[in-house]
2 protein chains.
Amino acid sequence: MTGTDHSSDASTDGVLAALADPTRRRLLDLLADGGEATATALAERLPVSRQAVVKHLAVLAAAGLVVGGRVGREVRYSVRPEALNATAQWMAALASDWDRRLAAVKRAAEAAAPEADRG
Amino acid sequence: MTGTDHSSDASTDGVLAALADPTRRRLLDLLADGGEATATALAERLPVSRQAVVKHLAVLAAAGLVVGGRVGREVRYSVRPEALNATAQWMAALASDWDRRLAAVKRAAEAAAPEADRG
DNA sequence: TTCATGTGCAACCCGAGTGTTGCACATTCA
DNA sequence: TGAATGTGCAACACTCGGGTTGCACATGAA
């Protein structure tokens with residue numbers, strides 16, 4: 001029962017699912033590079049239709065990775081680092097947790113049998 | 001052209017895809033907690049069949065997140081932190097990259113129009 | 001050898017996600 | 001006002017991932 005459950009984290013869940021798709025990562029890259037862009041403009045730089053881009057942006061927005069604001073008749077999207085930062089930290093914590101446990105297991109094994117059994 | 005393409009990273013790609021699924025995250029948690037386990041044992045602690053677990057473990061192994069070794073007639077899986085660490089760092093780098101760009105954009109905007117246009 | 005346990009492989013089902021197209025609505029500009 | 005541009009919504013097709021079941025094969029124990 002050393003368990004700290006990392007498997008179900010409401011906010012990171014959406015971020016991980018969003019980042020799993022290559023097209024969405026590409027969108028994030030374009031947005032991070034350009035600072036701001038509309039779905040129509042982004043679609044011109046990708047091999048998919050505008051509607052596909054819109055759907056991807058909706059997923060990214062739901063995950064908190066981007067935010068879109070209306071300016072006149074267009075909707076400009078931009079990147080939002082907070083959610084990504086949070087997930088990066090979650091991941092780093094998980095990794096160090098694994099390291100901790102593995103080190104503990106290794107120590108236990110060595111303590112139980114230094115080189116062979118010793119009576 | 002400030003672009004540093006984070007969107008297509010061969011190794012992180014698999015890790016992100018692997019982590020996108022809740023059942024796989026749960027598996028990783030069980031493995032990190034128990035240190036080592038077989039697919040059959042893991043299936044008993046999850047609401048899915050052994051075969052489903054086997055498939056998930058294959059995905060995790062392909063991503064480098066777990067490794068399985070045969071011991072007699074059973075295959076024991078354990079967690080491997082390296083790939084996770086690498087992806088966590090990739091993600092942190094991406095996040096700080098976003099921060100950098102956004103800060104630059106903000107400075108540029110403020111420099112261009114301190115409070116209003118000034119001729 | 002016989003039985004139990006654990007794994008491997010294959011076929012199959014099903015839902016969700018990705019992508020498309022078509023059209024209606026909104027906004028800007030001539 | 002009308003034309004151009006951009007967005008929103010809906011229906012549809014298709015693939016793929018997650019899950020299941022069934023059975024064959026391998027290994028350890030009695």
Side-chain angles (χ1 to χ4, degrees), chain A residues 7-8 10 12-31 34-79, chain B residues 7-8 10 12-31 34-79 83 87:
Chain A
S7 61
S8 59
T12 55
D13 181 52
V15 175
L16 288 173
L19 291 179
D21 185 87
T23 303
R24 283 195 287 266
R25 289 200 298 276
R26 190 90 186 82
L27 277 174
L28 291 175
D29 233 42
L30 289 172
L31 281 177
E36 238 187 20
T38 65
T40 303
L42 289 168
E44 289 170 359
R45 310 193 56 185
L46 287 177
V48 296
S49 71
R50 173 184 66 93
Q51 287 302 333
V53 171
V54 169
K55 287 188 186 178
H56 282 305
L57 286 172
V59 174
L60 291 170
L65 289 169
V66 304
V67 61
R70 185 141 217 153
V71 180
R73 71 179 153 186
E74 55 186 29
V75 179
R76 299 192 187 150
Y77 291 87
S78 55
V79 131
Chain B
S7 63
S8 60
T12 55
D13 180 53
V15 176
L16 289 173
L19 291 178
D21 185 87
T23 303
R24 282 197 286 266
R25 289 200 297 275
R26 197 76 223 296
L27 277 174
L28 290 175
D29 233 41
L30 289 173
L31 281 177
E36 238 187 20
T38 67
T40 303
L42 290 167
E44 287 169 1
R45 311 193 55 184
L46 287 176
V48 297
S49 70
R50 173 183 65 91
Q51 288 302 332
V53 171
V54 169
K55 288 189 187 179
H56 282 306
L57 287 173
V59 174
L60 291 171
L65 289 169
V66 305
V67 61
R70 184 143 217 152
V71 180
R73 72 178 154 190
E74 54 186 29
V75 179
R76 298 191 188 149
Y77 291 88
S78 56
V79 129
T87 303

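Each chain gets a letter, A, B and so on, in the order the sequences are listed, and its residues count up from 1.
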With the side chain defined as heavy atoms from C-beta on, R73(A) is closest, among dG19(D), dG19(C), dT5(D), to dT5(D)
Where the side chain of H56(A) is concerned, which of dT21(C), dT18(C), dT7(D) is the nearest nucleotide?
dT18(C)
Taking N and O atoms by type only, does the side chain of R50(B) place a donor or acceptor under 3.5 Å from a partner on the base of dG8(C)?
yes
If the cut-off is 4.0 Å, is S49(A) near the phosphate of dG19(C), judged by side-chain N/O to OP1 or OP2?
no
For T23(B) and for T40(A), locate the closest nucleotide of DNA chain D by heavy-atom distance; then report the residue assigned to the nucleotide nearer the 5' terminus.
T40(A)
Rounded to whole Å, the CG-P distance (L42(A) to dG19(C)) equals 14 Å
Of the listed nucleotides (dT7(D), dT20(C), dG18(D)), which one gets closest to any side-chain atom of R70(A)?
dT7(D)
Looking only at the side chain of A52(B) (C-beta and beyond, no hydrogens), which of the listed nucleotides dG19(D), dG22(D), dC9(D) gets closest?
dG19(D)
Please step through side chain to side chain contact (heavy atoms under 4.5 Å, CB included) for the pair V71(B) and T38(B), ending with a clear verdict.
CA-CA 10 Å; V71(B) 180; T38(B) 67; over 6 Å; no
What integer distance in Å separates L46(A):CG from dG19(C):C1'?
13 Å
Testing dA10(D), dT7(D), dG19(D) for proximity to the side chain of V75(A), the answer is dT7(D)
Interatomic distance, E74(B) CD vs dA29(D) P [rounded to whole Å]:
10 Å
Rounded interatomic separation in angstrom, taking CG from L19(A) and C1' from dG17(C):
16 Å
Nearest heavy-atom contact between Y77(A) and L31(A) is O-CD2, 3.3 Å
My understanding is that only one of T40(A), V48(A), T23(A), L30(A) makes a side-chain contact (heavy atoms from CB on, under 4.5 Å) with V53(A); could you say which?
V48(A)
Heavy-atom nearest nucleotide on DNA chain D for V48(B) versus A41(A): which residue maps closer to 5'?
A41(A)
For R76(B) and dT7(C), what is the distance between atoms CZ and P respectively, to the nearest whole Å?
10 Å
Counting side-chain heavy atoms from C-beta on, which of dG19(C), dG8(D), dT18(C) comes nearest to D21(A)?
dT18(C)
What integer distance in Å separates L57(B):CG from dG6(C):P?
16 Å
What's R24(A) touching, base or sugar-phosphate or nothing? Going by heavy atoms closer than 4.0 Å.
sugar-phosphate
What contact category does Q51(B) fall into here, base, sugar-phosphate, or nothing, at under 4.0 angstrom with non-hydrogen atoms?
base
Where the side chain of K55(B) is concerned, which of dG22(D), dT20(C), dA11(C) is the nearest nucleotide?
dA11(C)
Looking at every heavy atom in both R50(A) and A43(A), which two are closest together, and how far apart are they?
CA-CB, 3.6 Å
Can you list the steps and then say if L65(B) with R24(B) is a side chain to side chain contact (heavy atoms under 4.5 Å, CB included)?
CA-CA 10 Å; L65(B) 289 169; R24(B) 282 197 286 266; over 6 Å; no
